[in-house]
Amino acid sequence: MDIHIRGLRKTFGVSPALHGVDLDIASGELIGLLGPSGSGKTTLLRILAGLETPTGGDIHFGDLDMAGQSIQERRVGFVFQSYALFRHMTVADNIAYGLRVRPRATRPSARAIASRVEELLGLVQLTGYEGRYPGQLSGGQRQRVALARALAVEPRVLLLDEPFGALDAQVRKDLRRWLREIHDRTGHTTVFVTHDQDEALEMSDRVAVLNRGAIEQVATPDAIYDDPATPFIYGFIGDANRVEINLRGGQARIGDTVLARVGAGKEGPAELFFRPEHAAIDDGPRSARGTLVALRRFGAKRRGEIRLDGAAGDIELDLPIGAALKPGDRLGVRLDRFAIFADGRRVSVLDLATRAA
Amino acid sequence: MSDIAVRAPTQGRDRDATAESPAARAILIGLAVVILTLFLFLPLATVFVGAFERGITGYLKTLGDPDTLAAVRLTCIVAAICVPVHLTFGVAAAWAISRFDFVGKSLLVTLIDLPFSVSPVIAGLVYVLLFGSRGVFGPWLAAHDIQIVFAVPGIVLATLFVTFPLVARELIPLMQQQGSDDEQAALTLGASPFTMFRKVTLPNIKWGLLYGVLLCNARAVGEFGAVAVLSGHIRGATNTMPLHVEALYNDYDMTGAFVVASLLASLALVTLAIKTFLEWRYADEIARRRRH
Amino acid sequence: MSLSDSLVKPSPLPGFGPALGAALLWLGLLVLVPLAALVWRASGLGLGGIIAIATQPRIAAALRLSFGLAFLAAVLNVVLGGIVAWVLTRYEFPGRRLLDAAVDLPFALPTAVAGIALTAIYAPNGWIGAPLAALGVKIAFTPIGIFIALVFIGLPFMVRSVEPVLAEFDPEIEEASATLGASRLKTVLQVVLPPLAPAFITGFALALARGVGEYGSVVFISGNIPFFSEIAPLLIVVKLEEFDEAGATAVATIMLTISFAMLLLINLVQGWTRKRMGHV
């Protein structure tokens, strides 16, 4: 089921939680809502479920307008952060709940419910656990019961609120891959909320990045990482360097040093962002000059802190492990990929790698 | 638990989606108001309306009656004995239970709560069996001309029994919850046990202590069943205020009974007001999980 | 390892000996020795003696009345206390705080005061008693009056047992039920109330125990007519006034035995329910 969100607004008292969100989700898509806490991502998810009433805007599931549709009528599968399992019911009763509470006319037979439960237990790999109570399960198992319970009602869309938030790192990693598999097998349109960028990038077909109640960018994980649309995304996802520059005569400058050529366009103060891995040591003519301030081991790489001539702060750069460098060395820095923003708007992007190709 | 703590997690969320319809809500609130009015407010109102049946002068006249004053005095004496006793021993018991692990601890906690499951009348009876003329110590007491049953000591003992758990059961969960880190820190800093108790323990538990004392005092003043058994019902001598209420009632002096009752009801209201204030203001410093 | 080390875990804190000693002295003198006197007197009577007294028609009637009405009052309090607890925790409305504070009134109000107030209200010339008397319904000086007094005395036990559990109930559980298609009523009945069962059972047990032994708030409204509205605690008082200490002891022993047996039973049910409700 495809979802269309137009101009969605939500205000709690006087504080706005969402202002004017537009989002189209294709049928069968797995989309991650990524943002810091307070960005409105959970509010958006809860509005989709009908748990919150929007202040303005509209939502369609397919052609069906959701305005005035109660939670019960929406048929969404919602997996809560705390799982919200019914502690006094067995695993099987939890999963069957959504079918058993249907009005008699639409309720499947007891036998049909039992076989559906059986099938879902198989899907979430909990066959044999039907008689257990939630209190007797591990966090990961509860998560899977919550998912099975949500899938039991054959939801139009599956919504997950921080699905892995309460789990430890290893379980979380396994479940991510597993959830992706389940999605690919069942094909539900799925929206999940997370504040964990790795989770969003790894699992999603597309990621919608939210900040302060608005969507900053909706794109594939590759595009979000390599080609962020806003300074916020550069800062929020992955590592990034921010350099205050001046645009003058088609050049990005720090003081008198030319950092890059960007072609004619906007003039005046601006911000240049690039990722540590998108720059290299190069003494060539297109490089900016600077001094190595410090060297640190950083996982599989070595990271250098470099003070560019004329700049106020330091930038970080990935350096070859073997390079014979020491603090105090003079060197040139070549930017292979960067973006320049003026007044928060992107004015220029350079991607030497693709341009060279 | 304070309202703030309860409602904090839901801030910034509508919970309308899972609320009852306005009609259901209104009916339920209405029912609650009716229930509480019928069972709580109406009796309270009766007491005060009844007390002023003969106007303010009639009210003051009953209050000034020597028997009434004697009852007030006796009630104050009883409370003035019970509260300090349970305060002292309640703190000692809570200290032993909350700060140490020892064999039989849970049995001790259960036994401290025991008087709550015993009818007040039975509480009175056990002292008759112990100190009455045909009781265990009866002959010995008679030989030494000591009277406990049907006298003030009996009233005090019976009240001590029924108020027994009140201070301790407020302190035990509170002190268990607070843990002893502060006290251990004080000791490592060189404080003597007495200084540690005065400067660290007492300030931490003072509101819980006050809470317990409040409940203990209210019960000591208001106890009826246990003292009814042990009092000689001698006006001006062994009648506490609740017993005096009964005596006036039995005289068909309803107004008089309500006058004395109104004093007790006022004390109950003050107790409730302070209790509510403590729960609201010092929610974290009185026991989190209150058991009645 | 010395004996004292095996009885108490070593601790850097001072004062264990004196504190425990004081606590045991206090408990022993005020509670255990007096109760031992009751047990001693009861054992003097022997099981046969106690049963012989308990089966005397007047005593049997009083015991039946006390336990039966306390049970019924606790049952009604499950409903009334449940509604009050629900309203006080779930809804925000003017006066909520006042109502919440007032729930404790039966704890704070001396029982004799409650007793004469309830009697005055429900007496044939009282605020509620008069209109009901006109309809031919008599409340004061009948078992119905006792029942009302026991509901009064038990209500706060129920409300205060259920309230904290209800306040901490995870709203996501209710939301989950709604997203799965359950109507509000089904959510409340199938998802919210069952986990509250242990709290209700606790409140029930407390209200029942208190009701069985209650004296002050009942003795005025009951009218104390033997075989009709005479409660067991009053019978103890009557027996003592007749200097029949054996009779009083027997009635007290039976009351305590039945009460403790009921509390034990309720504890067992409680343990089973908690397990069933997933508090593992």
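Everything quoted here is computed from the prediction, not taken from an experiment. These numbers come from the heavy atoms of this one structure, side chains and all, not from hydrogens, waters or symmetry mates. Reminder, nothing fancy here: chain letters follow the sequence lines and each chain counts from 1.
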Return the option, out of [options], with the maximum number of heavy-atom pairs under 4.5 Å with chain B.
options                          : result
A36(C), A23(C), S177(C), A108(C) : A108(C)
L155(C), L118(C), T249(C)        : T249(C)
P106(C), G115(C), A117(C)        : A117(C)
V31(C), I83(C), L38(C)           : V31(C)

Tell me, side chain or backbone of [X] under 4.5 Å from chain C's heavy atoms, or both, or neither?
X       : value
V118(B) : both
R134(B) : both
L243(B) : neither
L38(B)  : both
A45(B)  : both
V227(B) : neither
L114(B) : side chain
L42(B)  : both
T276(B) : side chain

Measure the spacing between [atom1] of [X] and [atom2] of [Y] and express it to the nearest 0.5 Å.
X       : Y       : atom1 : atom2 : result
Y249(B) : I116(C) : OH    : CD1   : 8.0 Å
W26(C)  : H86(B)  : CH2   : NE2   : 7.0 Å
L80(C)  : L31(B)  : CG    : CG    : 9.0 Å
E245(C) : S133(B) : CD    : OG    : 6.5 Å
L125(B) : I236(C) : CG    : CD1   : 6.0 Å

Heavy-atom proximity to chain B below 4.5 Å, by part of [X]:
X       : answer
Y122(C) : side chain
V251(C) : neither
A209(C) : neither
V188(C) : side chain
I128(C) : side chain
F93(C)  : side chain
A22(C)  : both
T187(C) : neither

Quick one, [X] and [Y] - any side-chain contact, counting heavy atoms below 4.5 Å?
X       : Y       : result
L109(C) : L264(B) : no
V113(C) : M241(B) : no
V212(C) : S119(B) : no
L36(B)  : V84(C)  : yes
L30(C)  : F89(B)  : no
I122(B) : Y215(C) : no
L40(B)  : F152(C) : yes
E20(B)  : W86(C)  : yes

Quiz item: With chain C, which of L130(B), L160(B), I29(B) has the greatest number of heavy-atom pairs at distances under 4.5 Å?
Solution: I29(B)
Quiz prompt | Residue, of F41(B), F164(B), F258(B), that accumulates the most heavy atom pairs under 4.5 Å with chain C | solution = F164(B)
Practice problem: Would you please test L20(C) and F100(B) for side chain to side chain contact (heavy atoms under 4.5 Å, CB included) and show each step? | Solution: CA-CA 10 Å; L20(C) 185 68; F100(B) 300 92; over 6 Å; no
Exercise. Please confirm whether the backbone N or O of P14(C) pairs with a side-chain atom of W95(B), one donor and one acceptor, at under 3.5 Å?
Key: yes
Self-check item: Whether R90(C) side chain and R25(B) backbone form a donor-acceptor pair below 3.5 Å
Solution: no
Quiz item: Would the number of heavy atoms belonging to other residues, nucleotides or ligands and lying under 6.0 Å from CZ of F260(C) be above 12?
Solution: yes
Quiz item: For the residue pair V126(B) and P34(C), what are the closest heavy atoms and their distance?
Solution: CB-O, 3.4 Å
